[in-house]
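Some notes on the structure that comes next.
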Amino acid sequence: MHRTAFVLLALFFSLHLSAATKKPQLPAQYKKWIDQDVVYIITDEERKAFLALSTDDEREKFIENFWDIRNPLHSSDRNPYKEEHYARIEYANGHFGHESTTPGWRTDMGRAYILFGPPTSRHPFVGYSQIYPMELWFYDNKTSSPALPSFFYLLFYIDGDIGDYKFYRPFLDGPMKLVRGTQFNSNKDVYKFLQPMGGDVAHAVMSLVPSEPVDTVNYQPDMSSDMLVARIENFANVPSNVSKLREMRSLHAKVDSYFLVNQDRPVEISSLVLADPAGKYWLDYGVLIDDPKLGQRDGAQLKLSIAYRLTTASGETILENTEDRGYAAYEDTPSGVKQFAPFLVAGRLPIEPGAYKLMVEVTNREAQQTYKGETTVAVGPSKQAAFSGPLVTTSVDRVARPNPFQPFEYFGVQFHPAARHEINHPDPLRLLFELHEPPGATANYQMEYIVAPPLEKLGRRSSTEEIPHSEFKDGRLLKSKTIAVNDLENGDYRLIVNLRQAGSSEVLASANMPLRISTAKSELPLYFVSDTQALGRPGVAAYMRALEATSQKDEAAAAEYFRQALDQNPANIFAGQYLVQLYFSERKYAPIADLYKRLGIAAFKASPVTLAQIALSFRQSGDADQARNVITAGLGMYPGNATLSALQNRKP
């Protein structure tokens, strides 16, 4: 796997780049590549990683990887994306910027053309005495990016007849910015004047989204169009685009160098979702390390790189993190030679209701080999009684000092997952699961446990357990079950667990999994990834839950968790950015103003768009002075930013 591209550390919400020693000046060809050739399509993460490289060989490999992951013809020598990109740059340089000495690629028209190609239609409005030169472009969104509407306009105009065509922002610029003469006294006058001119230009001066209705009462342009332009100006860093590139990079790396242990057996993952006393769900997962090839030996330790990635059911990345660490893995033998001993590495994630995939990758850095496993995760209440699990365990230990963030520890008891669902004869079979019943249920239930040889119908071992409704609390019941199997012969079995309503034969929920009984040592050392302890830091768990709620389209829960994350850690600028964006999309201006008054600019300084949204929220809330203060502070951090500058020049 190529590691010269960049290393993403996304979990705890910042890019941890090493403190900078002053690097040599970037050679001219690489400076042109990053500041001109790919300036509109390279993400901030990629840019920082590229600038951190120290050799031309690393830079060449980075550039090769940059284009490869964007190539729609995977593993082909031809790259249509790259060819089209440079063709668009050439077109932009030849057709835009003639009104000044600005190179075409640097103009707003050039930026739009390089990003989206030729528009579906173009309507110039030039030579009119009453309006400044304008040109209206209409686009059908072919990028598949959800950051853009299915159809949209881009309106360009020459401000005061001087300079290049620039983006028009309906709210910040306003229709009056497009016209000359004393006949225009209001937005309504401009709209009525432009209506007969065709090309939908009258609609575009009010809103750049064709499907949005125009305010024909107050003739107030819509702010969402300005945010559309802002997203275009920073299109590479739109979250959906960044996530898509991460996914493409991951898939590209797998094609290059990823393969599974023995080519047919993935890394084994044990997982369980349980609710805590407050009703918040947690996902615990254990990764079986049963082969020294998974890591690099270092004395008595095995050095591993273990990465997890939590995605939506469709594969969109929500959370990911990587930890490189050594684990005690070699034991002394009577002959004095240290022998590899398998072990489990466990982690814990806060998890919100929804459907997910958990993917785990274990990398041997020295051998440049990566092994992976994945499991589906379903979280939350169902319409009928159900259960999560069961987790097969080898032992249960009382914990002296309970830790709410330690994997597979519940209510002060540490459970040890059984690797491969294997238990050691003559130990009993120990199960852990959690029952859920729908709201308003009052029924009693029955659990059936079956241990059966896979090929013998007569060897089934069956038992039942009655579970009264009175044992449930808030619709949940955590259960452990011990089943004696010491009289069974060693070998392979199937474990079947069925849930029924008492007195009914209908199975409401069922689990069926392999089980092995053997004399081999089944309880393996259990280690924990160190980042699970970070869940106890202020705001971390709330932020993770906010990202998950966002992925599941639960905006109300997402906003609440982002608010909690900010309350607990005001330095989490990403939580601030997301929260403002959520409130702004719902036109909740007062909460944005309150957030800023309480937390100040530090929580929102990561994005000029966020600062513009805050300033607009103050204006909408009637506080023009505070709006000006935010704009001034924002321009101090982002000098010349088009959105903030336009907002500064626009009268309240």
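Owing to the predicted nature of the structure, the values given are computational and were not obtained by experimental measurement.
- Between H425 and S518, every side-chain heavy-atom pair lies at or beyond the 4.5 Å cut-off.
- Among residues at least two apart or in separate chains, side-chain hydrogen bond (donor to acceptor under 3.5 Å, both in side chains) pairs with a member in residues 472-482 are E465-K479.
- Contact check for Q564 versus Y561: side-chain heavy atoms found under the 4.5 Å cut-off.
- Residue pairs meeting the salt bridge (charged side-chain N to carboxylate O under 4.0 Å, His left out) criterion with at least one member in residues 332-343, sequence neighbours excluded, are D332-K338.
- Classified by interplanar angle (parallel below 30°, tilted 30° to 60°, perpendicular above 60°), the ring pair Y410/F408 is perpendicular.
- Heavy-atom minimum distance, S388 versus L274: OG-CD2, 3.8 Å.
- Under the 6.0 Å cut-off for aromatic ring centres, Y30 and F62 do not qualify, their centroids lying 6.0 Å or more apart.
- Applying the side chain to side chain contact (heavy atoms under 4.5 Å, CB included) rule to P353 yields the partners Y281; only residues at least two apart in sequence or on another chain are considered.
- Relative ring orientation between F66 and W33 is described as perpendicular, the plane-to-plane angle rising above 60° on a 0-90° scale split at 30° and 60°.
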- Task: Go through the steps for E448 and R461 under the test salt bridge (charged side-chain N to carboxylate O under 4.0 Å, His left out), then give the verdict.
- Result: CA-CA 10 Å; E448 179 184 32; R461 172 75 57 83; over 6 Å; no
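- Residue pairs satisfying the salt bridge (charged side-chain N to carboxylate O under 4.0 Å, His left out) criterion with at least one member in residues 386-409, sequence neighbours excluded, are absent.
- Among residues two or more places apart in sequence or in another chain, the side chain to side chain contact (heavy atoms under 4.5 Å, CB included) test is passed with A575 by Y543, F562, A565, L566, N572.
- For the residue pair S551 / E316, no side-chain donor-acceptor distance below 3.5 Å is found, with atom types taken as modelled.
- Under the salt bridge (charged side-chain N to carboxylate O under 4.0 Å, His left out) criterion, D56 pairs with R59, sequence neighbours left out.
- Side chain of D291 to main chain of L294: no donor-acceptor pair is present (N/O by atom type, distance under 3.5 Å, no hydrogens or angles).
- Here E471 pairs with nothing under the salt bridge (charged side-chain N to carboxylate O under 4.0 Å, His left out) rule; sequence neighbours left out.
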- Query: How far apart are the C-alpha atoms of E548 and Q552, what are their side-chain angles, what is the distance that settles it, and do they pass the side-chain hydrogen bond (donor to acceptor under 3.5 Å, both in side chains) test?
  - Reply: CA-CA 6 Å; E548 293 161 355; Q552 303 299 319; over 6 Å; no
- Message: Does T317 form a side-chain hydrogen bond (donor to acceptor under 3.5 Å, both in side chains) with E320? I'd like the steps, not just the answer.
- Response: CA-CA 7 Å; T317 299; E320 58 184 349; 4.9 Å; no
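- When the side chain to side chain contact (heavy atoms under 4.5 Å, CB included) test is applied to N512, the partners found at least two apart in sequence or on another chain are R494, I496.
- Heavy-atom minimum distance, T322 versus S305: CG2-OG, 3.3 Å.
- Using bins of under 30°, 30° to 60° and over 60° for the plane-to-plane angle, the ring pair W67/Y81 lands in the tilted bin.
- Side-chain N/O atoms of S395 and E523 include a donor and acceptor closer than 3.5 Å.
- A search for salt bridge (charged side-chain N to carboxylate O under 4.0 Å, His left out) contacts involving K82 returns nothing, not counting sequence neighbours.
- Sorted by first and then second residue, the salt bridge (charged side-chain N to carboxylate O under 4.0 Å, His left out) pairs with a member in residues 275-285 read D284-R348; sequence neighbours excluded.
- R325 pairs by the salt bridge (charged side-chain N to carboxylate O under 4.0 Å, His left out) definition with E323, not counting sequence neighbours.
- Applying the salt bridge (charged side-chain N to carboxylate O under 4.0 Å, His left out) test to residues at least two apart or on different chains, the pairs with a partner in residues 565-574 are R563-D567, D567-R598.
- Heavy-atom minimum distance, L599 versus P570: CD2-CB, 4.0 Å.
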